[in-house]
Novice: 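Following this message is one structure expressed as structure tokens.
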Amino acid sequence: MMKANDIIFAEAIGCYIEIGYGSELRCVRFIKSKERLKEKKTRTASFELDEYFKGKRTDFSCAVDLSGLSPFAQKVLSEARNISYGRTVTYSELAERIGSRAFRAVGRALAINPAPIVIPCHRVVARNGMGGFSAGVDIKIRLLELEQKMHP
DNA sequence: AGCAGGTTTAGCG
DNA sequence: CGCTAAACCTGCT
């Protein structure tokens, strides 16, 4: 299928989400726009994300296109997908799950995550608290709060 | 080779 | 208890 972009508004975190499609889901990114954008949903992933932000969905059916990433990064990201809704894991724990002690490299792999949320990199936190987030820690916090609220 | 990264842990003040 | 400093791996220049 050819490439296309959808846009949805995530009320829970107060910003727009752009979803890029290739042959599979290719990327997800956050848009902090003041202007009102027009929503566009042409694929299932868009609807699923929309439901997610309303707290009605806890998992995604779509595959993510990880080609182009290093084998290590692919391992990290696919393992990250196994983290269940409302749960958090530390960087070092995620590293152990893929049979490595490279917690720091894990952070690096998560930082280049092409599709946040679908690949729940926001559920990976530092041992002493929050850790970072490529799109801004504020968004990470909002996401975790959303999941906390639906999964007490 | 060398450096920096979404860390971690130990060690000192 | 809060802060600095060294260490663990991987990916880019």
Side-chain angles (χ1 to χ4, degrees), chain A residues 3 5-34 37 43 45-46 48-152:
Chain A
K3 59 183 175 179
N5 290 309
D6 280 4
I7 293 180
I8 65 174
F9 179 65
E11 189 161 12
I13 60 177
C15 74
Y16 289 88
I17 312 287
E18 182 186 43
I19 306 135
Y21 295 100
S23 54
E24 294 179 315
L25 178 61
R26 200 200 292 278
C27 66
V28 172
R29 50 175 212 154
F30 301 88
I31 305 174
K32 296 167 198 157
S33 169
K34 288 185 211 167
L37 301 176
R43 304 282 200 99
S46 305
E48 291 186 354
L49 280 166
D50 192 47
E51 289 178 332
Y52 169 85
F53 284 113
K54 290 173 180 163
K56 293 178 183 169
R57 173 169 284 275
T58 59
D59 54 13
F60 300 96
S61 65
C62 49
V64 181
D65 184 14
L66 259 36
S67 62
L69 296 171
S70 71
F72 178 82
Q74 294 188 19
K75 234 171 164 182
V76 173
L77 294 176
S78 55
E79 184 63 41
R81 268 200 93 162
N82 294 330
I83 307 172
S84 51
Y85 190 87
R87 303 298 283 262
T88 58
V89 172
T90 63
Y91 293 93
S92 58
E93 191 177 330
L94 189 57
E96 271 182 34
R97 287 195 195 179
I98 60 172
S100 169
R101 216 161 51 275
F103 38 78
R104 207 158 179 189
V106 168
R108 198 161 231 289
L110 292 172
I112 61 171
N113 178 7
I117 303 178
V118 176
I119 295 175
C121 58
H122 59 280
R123 299 189 191 131
V124 185
V125 298
R127 205 170 196 83
N128 67 347
M130 188 49 62
F133 195 63
S134 46
V137 191
D138 52 332
I139 291 182
K140 181 174 186 172
I141 295 174
R142 295 266 180 76
L143 290 171
L144 290 174
E145 279 177 351
L146 170 67
E147 300 193 357
Q148 286 283 318
K149 203 160 66 173
M150 309 310 292
H151 186 109

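These values consider heavy atoms only, across backbone and side chains, with no hydrogens, waters or symmetry-generated copies. A, B, ... follow the sequence lines: proteins, then strands. Residue 1 opens every chain. Here the structure is a predicted model, which means the values were calculated and not measured.
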Novice: Let me know the distance between CD of E96(A) and P of dT8(B), rounded to the nearest Å.
Specialist: 11 Å
Novice: Remember a base hit wins even if backbone is also touched, and classify F72(A) as base, sugar-phosphate or nothing at under 4.0 Å, heavy atoms.
Specialist: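 Answer is sugar-phosphate: F72(A) comes under 4.0 Å of backbone atoms only.
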Novice: Report the nucleotide, chosen from dA4(B), dC9(C), dT8(B), that has the shortest atom-to-atom distance to any side-chain atom of A102(A).
Specialist: dC9(C)
Novice: Tell me what R101(A) touches on the nucleic acid: a base, only sugar-phosphate, or nothing, going by heavy atoms under 4.0 Å.
Specialist: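 Sugar-phosphate: the residue R101(A), judged by heavy atoms under 4.0 Å, touches backbone atoms but no base.
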Novice: Contact class for V106(A) (heavy atom, under 4.0 Å): base, sugar-phosphate, or nothing?
Specialist: nothing
Novice: Rounded to whole Å, how long is the line connecting atom CD of E93(A) with atom P of dT7(B)?
Specialist: 17 Å
Novice: Under 3.5 Å, is there a donor-acceptor pair between the E96(A) and Y91(A) side chains?
Specialist: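 Checked: E96(A)/Y91(A) side chains show no N/O donor-acceptor pair below 3.5 Å.
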Novice: Which nucleotide, dT8(B), dG6(B), dG5(B), lies nearest any side-chain atom of A105(A)?
Specialist: dG5(B)
Novice: From OH of Y91(A) over to P of dT9(B), roughly how many Å is that when rounded to an integer?
Specialist: 14 Å
Novice: dA7(C), dT8(B), dT10(C): which one has an atom nearest the side-chain heavy atoms of A126(A)?
Specialist: dT8(B)
Novice: Hunt down the Watson-Crick or G-U wobble partner of dG6(B), both distances under 3.5 Å, from any strand shown, or write none.
Specialist: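 Matched dG6(B) with nothing under the 3.5 Å cut-off.
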Novice: Atom CZ of F133(A) to atom P of dG5(B): distance rounded to whole Å?
Specialist: 18 Å
Novice: Is there a side chain to side chain contact (heavy atoms under 4.5 Å, CB included) between E18(A) and I8(A)? Walk through the geometry before answering.
Specialist: CA-CA 7 Å; E18(A) 182 186 43; I8(A) 65 174; over 6 Å; no
Novice: Give a yes-or-no answer on whether the side chains of T58(A) and Y52(A) include a donor-acceptor pair shorter than 3.5 Å.
Specialist: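 Checked: T58(A)/Y52(A) side chains show no N/O donor-acceptor pair below 3.5 Å.
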Novice: Can you tell me how far C1' of dG6(B) sits from CG of N128(A), to the nearest Å?
Specialist: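 That distance rounds to 12 Å.
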Novice: Inspect the contact between E51(A) and R57(A) and indicate whether a charged nitrogen and a carboxylate oxygen are less than 4.0 angstrom apart.
Specialist: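 So R57(A) pairs with E51(A) through a salt bridge.
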Novice: Measure from the side chain of S134(A), starting at C-beta and using heavy atoms only, and say which of dG5(B), dT9(B), dG6(B) lies closest.
Specialist: dG6(B)
Novice: Does dT9(B) have its OP1 or OP2 closer than 4.0 Å to a side-chain nitrogen or oxygen of R127(A)?
Specialist: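 Yes.
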Novice: Consider the side chain of A111(A), meaning its heavy atoms from C-beta on, and name the nucleotide among dA7(C), dT10(C), dG6(B) that approaches it most closely.
Specialist: dG6(B)
Novice: Take P71(A) and F103(A), find for each the nucleotide of DNA chain C with the closest heavy atom, and name the residue whose nucleotide sits nearer the 5' end.
Specialist: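 Closest to the 5' end, via its nearest nucleotide, is F103(A).
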Novice: Grab the CG-P distance between L94(A) and dT8(B) for me, whole Å please.
Specialist: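 Roughly 11 Å, once rounded to whole Å.
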Novice: Tell which nucleotide pairs with dC8(C), taking only Watson-Crick or G-U wobble pairs whose two distances are both under 3.5 angstrom.
Specialist: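 Its partner is none (no Watson-Crick or G-U wobble pair with both distances under 3.5 Å).
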Novice: Would you kindly give the CG-to-P distance between L77(A) and dT10(C), to the nearest whole Å?
Specialist: 15 Å
Novice: Quick one: closest heavy-atom pair of S61(A) and E48(A), and the distance?
Specialist: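 Shortest heavy-atom separation between S61(A) and E48(A) comes out as OG-OE2, 2.6 Å.
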Novice: Starting at atom CD of Q74(A), determine the distance to atom P of dG11(C), rounded to an integer number of angstrom.
Specialist: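 After rounding, the reported distance stands at 10 Å.
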